Amino acid sequence: MTTLRTAKRFVFPLLGIWVLLYCSFSLFKPPLLDGSDALSAEIAREMLTGGHWLTPFANGIVYPHHPPLLYWTVAVSFGLFDVSDWAARLPVAIAILGLSIATFSLGRRIFHSPAAAFYAVLSLLTSYGVFLFGHLLIRDVFLCVWTTLALNFFWRSLSQQKRLLESSLGFAACCALGVLTEGLSGLVLPLAIAVLYLAFTHNLGHLRRWHPIPAILIFLVLYLPWHFAARHALRQQDLLNLLPRFTGGRVPLIVFWPLLLLWIIPWCAFSLRALRIGASPEPNRRHQARLFCGLWILTVLVFFSFTARQEFNLLTALPPMALLAGGWLAEDEAQPHHQGRIAAWILFFFGIAAAALVAYYLFAAPRPAPGTDIATLLHPNPGHHAVFFASFLDLTRASMGAFKVPLWITVISLIVGVSAGLFFRLRDNARMANMFLAGMIVAILIAAHLALNTFSPVLSSEILAEAIHPEVQPGDLVVVNGSLDSASSFVFYLEHNVLLLDQGSAAEATPAPCTQGYFDTQVVAPGAIGQIGGRDAPPLGPTTFSINHATVCSLWQGPARVWLWTPLEDVPVLPGDFYVIGRSGGKEVLSNQPNTGGASF
């Protein structure tokens with residue numbers, strides 16, 4: 001009966017929030033985005049259709065520094081449910097569910113309180129970071145899952161001495177899966193956090209008792225088969241492809257650290273409150289939780305500050321932030337006199353100020369005419385685009401008129417949420433205050449998803465691909481004026497091999513590492529046009545080509561159909577006539593021949 005009551009009170013509401021935010025409407029819209037999102041889906045599809053499961057390939061380009069576990073899961077989903085947007089996102093949604101289960105288990109073990117575990121998972125599921133990046137096919141989501149699960153096994157080993165071997169093997173298995181997901185980051189992060197915690201608590205001897213030899217063996221058993229097979233296939237003799245990138249960060253350090261608070265606002269107010277040293281019914285347990293979560297957060301921040309430093313790297317630091325918030329909220333709720341009034345007043349003033357700002361754009365921005373391309377209302381600033389979602393910084397007051405419905409939802413939810421939260425806090429009803437706060441965030445997340453749907457033509461080329469898909473024939477030449485990442489959704493939805501335009505004056509292609517001679521990169525000669533097109537691929541994958549500008553100009557004046565995807569601000573010089581087949585989101589598709597009626601736009 002106790003287990004059933006716990007499930008009804010804590011588990012079922014969390015499951016409902018997961019279904020609402022991660023396993024319903026958000027699986028289907030928006031379309032896959034250019035960059036890592038659609039590129040991962042394309043790699044997974046080519047794994048499934050080409051059968052090359054050892055190393056990721058897309059359009060014939062090899063990605064040896066990308067471990068394969070994410071692509072395996074998406075490829076399996078494609079095999080079970082066919083290739084679609086929702087099938088691509090389903091493994092990530094399941095990963096978020098696994099992250100919630102791991103966080104609930106860890107929170108219950110750390111605080112010995114199902115209420116603390118409930119609030120921790122509630123904070124995590126309603127965090128902006130998990131919601132935004134938890135719908136993208138990026139490896140950091142899975143890295144966050146394996147790190148959290150590994151540290152769950154570690155904490156279990158501290159309290160259950162009779163199950164040391166079981167927890168040791170579980171920790172090693174999670175580390176191996178982490179390496180198969182994100183390279184050595186999957187091993188370094190959980191191991192560093194565990195060692196640092198043992199060092200600070202003067203308990204390093206625990207490592208000797210924690211069955212290190214069986215743990216190492218299970219790690220090697222899970223990891224080495226793929227490593228040796230992939231190394232043999234690619235003829236690589238080292239582990240450099242597993243190392244994190246140390247090429248300098250894309251996000252400035254002064255922005256990177258504060259982003260951690262932004263991704264889990266407003267719950268971060270309670271996380272920071274939990275770090276404050278003060279009276280507690282169980283000070284020793286609170287100190288251990290604070291130390292463990294603090295070391296976890298700092299390890300992630302420092303590690304990624306010196307590697308890739310991308311904003312989604314902070315996902316792995318969100319579970320400890322949620323755990324701190326959950327522990328404090330549960331402790332505060334259990335006390336006769338609650339301590340969250342100051343935080344409630346702060347949230348109220350910031351919430352009302354935010355609502356006023358949103359209301360200004362809501363009423364000041366004119367509604368654009370039906371059919372207006374939102375890209376025409378933006379003020380592009382390429383310098384912003386080092387940050388993943390920085391395209392939203394291109395928004396202008398005129399463009400805000402396209403987001404009337406999301407803005408209305410945001411204004412209403414902010415006013416109701418912070419007002420009700422303050423009202424119930426002042427009446428010492430902490431639970432109702434927390435529920436209104438969570439409801440406010442859920443409504444804002446839904447509004448953010450609606451806004452992302454409206455903005456998706458700028459972030460995705462799905463509209464252009466679907467527009468020309470009926471007319472593209474297997475023998476046609478499709479050229480992308482940019483990198484494969486910049487047009488990855490175009491390639492995924494078009495289901496046709498593309499040529500990457502090399503704009504150098506004497507473009508020469510470098511061959512990609514090949515598997516059994518199937519992956520060749522070469523420069524297209526005018527007479528080679530008949531060899532290109534479609535998805536007719538050898539057993540282990542497609543053939544890919546690069547092409548220089550002079551060859552494109554030569555082919556443009558020939559009898560074959562040529563298609564060119566290009567950003568509007570970087571259209572190459574083309575000889576003779578050209579036809580604009582489609583234009584959307586600041587990109588367009590040109591052709592040397594007009595449509596014959598197959599495509600619709």
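Every value quoted in this text rests on a predicted model; they were computed, and no experiment measured them.
- Closest heavy-atom contact between G482 and L500: O-CD2, 3.9 Å.
- Listed here is the closest heavy atom pair of N313 and V300: O-CG1, 4.0 Å.
- Contact check for I374 versus F403: side-chain heavy atoms found under the 4.5 Å cut-off.
- Rounding to the nearest 0.5 Å places CG of L261 at 5.0 Å from SG of C268.
- S123 contributes atom OG, which lies 11.5 Å from atom CH2 of W328 (distance to the nearest 0.5 angstrom).
- Here the side chains of N497 and V491 are not in contact, with every heavy-atom distance at 4.5 Å or above.
- A donor and an acceptor atom, one from each side chain of Y22 and H135, are nowhere located under 3.5 Å apart.
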Worksheet entry | L426/W345 under side-chain contact (heavy atoms from CB on, under 4.5 Å): CA gap, chis, key distance, verdict | CA-CA 10 Å; L426 295 178; W345 276 109; 3.9 Å; yes

Worksheet item: Can you check side-chain contact (heavy atoms from CB on, under 4.5 Å) on F304 and L189, steps first, answer last?
Response: CA-CA 10 Å; F304 285 115; L189 287 176; 3.8 Å; yes

Worksheet entry | Derivation and outcome, ring-ring contact (aromatic ring centres under 6.0 Å, His included), residues Y119 and W267 | CA-CA 10 Å; Y119 280 122; W267 305 113; 7.5 Å; no

What pairs of donor and acceptor atoms, side-chain ones from residues 447-459 against any protein atom, are under 3.5 angstrom apart with sequence neighbours left out?
{"residue": "H449", "atom": "NE2", "partner": "K29", "partner atom": "O", "Å": "2.6"}
{"residue": "T454", "atom": "OG1", "partner": "L450", "partner atom": "O", "Å": "3.2"}
{"residue": "S456", "atom": "OG", "partner": "N453", "partner atom": "O", "Å": "2.7"}

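- The side-chain heavy atoms of W563 and L477, taken from C-beta on, include no pair separated by under 4.5 Å.
- Looking at S546 and L499, their side chains never come closer than 4.5 Å, going by heavy atoms from C-beta outward.
- Centroid-to-centroid, the aromatic rings of Y128 and W263 stay 6.0 Å apart or farther.
- Within the model, atoms OG of S127 and CG of L314 stand 11.5 Å from one another, a figure rounded to the nearest 0.5 Å.
- When only modelled atom types and interatomic distance are considered, W296 and T147 share no side-chain donor-acceptor pair under 3.5 Å.
- With rounding to the nearest 0.5 Å, the separation of OG in S40 from CG in L70 is 5.0 Å.
- Across A364 and R397, no two heavy atoms sit closer than the pair CB-CD, 4.2 Å.
- No donor-acceptor pair closer than 3.5 Å links the side chain of T376 to the backbone N or O of T372.
- Between R309 atom CZ and F256 atom CZ the span is 7.5 Å, to the nearest 0.5 Å.
- No side-chain donor-acceptor contact under 3.5 Å links S460 and D34.
- In plain terms, the two heavy atoms of L32 and A41 that are nearest each other are CD1-CB, 3.5 Å.
- Between V141 and L315, some side-chain heavy-atom pair lies under the 4.5 Å cut-off.
- Looking at L437 and F270, their side chains come closer than 4.5 Å, going by heavy atoms from C-beta outward.
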Item to complete: Could you please spell out the steps behind the side-chain contact (heavy atoms from CB on, under 4.5 Å) verdict for L125 and V130?
Response: CA-CA 7 Å; L125 288 176; V130 172; 5.5 Å; no

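- Here the closest non-hydrogen pair linking H549 and V573 is NE2-O, 2.8 Å.
- The distance from atom CG of D577 to atom CD of Q593, rounded to the nearest 0.5 Å, is 11.5 Å.
- In terms of heavy atoms, L90 sits closest to S77 at CB-OG, 4.2 Å.
- Around atom CD1 of I342, no more than 12 heavy atoms belonging to other residues, nucleotides or ligands sit under 6.0 Å away.
- For the pair R45 and F78, the cation does not sit on the ring face, since its NZ or CZ is not both under 6.0 Å from the ring centre and inside 45° of the axis.
- Taking the six-membered ring for Trp, F131 and W18 have ring centres at least 6.0 Å apart.
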Please list every donor-acceptor pair under 3.5 Å in which a side-chain atom of residues 413-420 meets a protein atom from a residue at least two apart or in another chain.
{"residue": "S413", "atom": "OG", "partner": "I409", "partner atom": "O", "Å": "2.8"}
{"residue": "S413", "atom": "OG", "partner": "T410", "partner atom": "O", "Å": "3.0"}
{"residue": "S419", "atom": "OG", "partner": "I415", "partner atom": "O", "Å": "2.6"}

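- Residues F578 and S591 form no side-chain contact, since every pair of their non-hydrogen atoms from C-beta on lies 4.5 Å or further apart.
- Ring centers of F436 and F424: under 6.0 Å apart, within the cut-off.
- A donor-acceptor pair under 3.5 Å is formed between the side chain of D373 and the backbone N or O of A375.
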Discussion item. Would W565 and K587 count as a side-chain contact (heavy atoms from CB on, under 4.5 Å) here? Give the steps.
Written reply: CA-CA 7 Å; W565 177 99; K587 306 170 286 283; 3.2 Å; yes

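- No donor-acceptor distance shorter than 3.5 angstrom exists from the side chain of T148 to the backbone of T103, with no hydrogens or angles considered.
- A donor-acceptor pair is defined here as one N or O able to donate and one able to accept, closer than 3.5 Å; such a pair exists between the side chain of S271 and the backbone of M321.
- Enclosure of atom OH in Y361 is not indicated, since only 12 or fewer non-hydrogen atoms of other residues, nucleotides or ligands lie within 6.0 angstrom.
- E42 has its side chain out of reach of Y71: every pair of non-hydrogen atoms, C-beta onward, lies at least 4.5 Å apart.
- The backbone N or O of L329 sits nowhere less than 3.5 Å from a side-chain atom of N434 that would complete a donor-acceptor pair.
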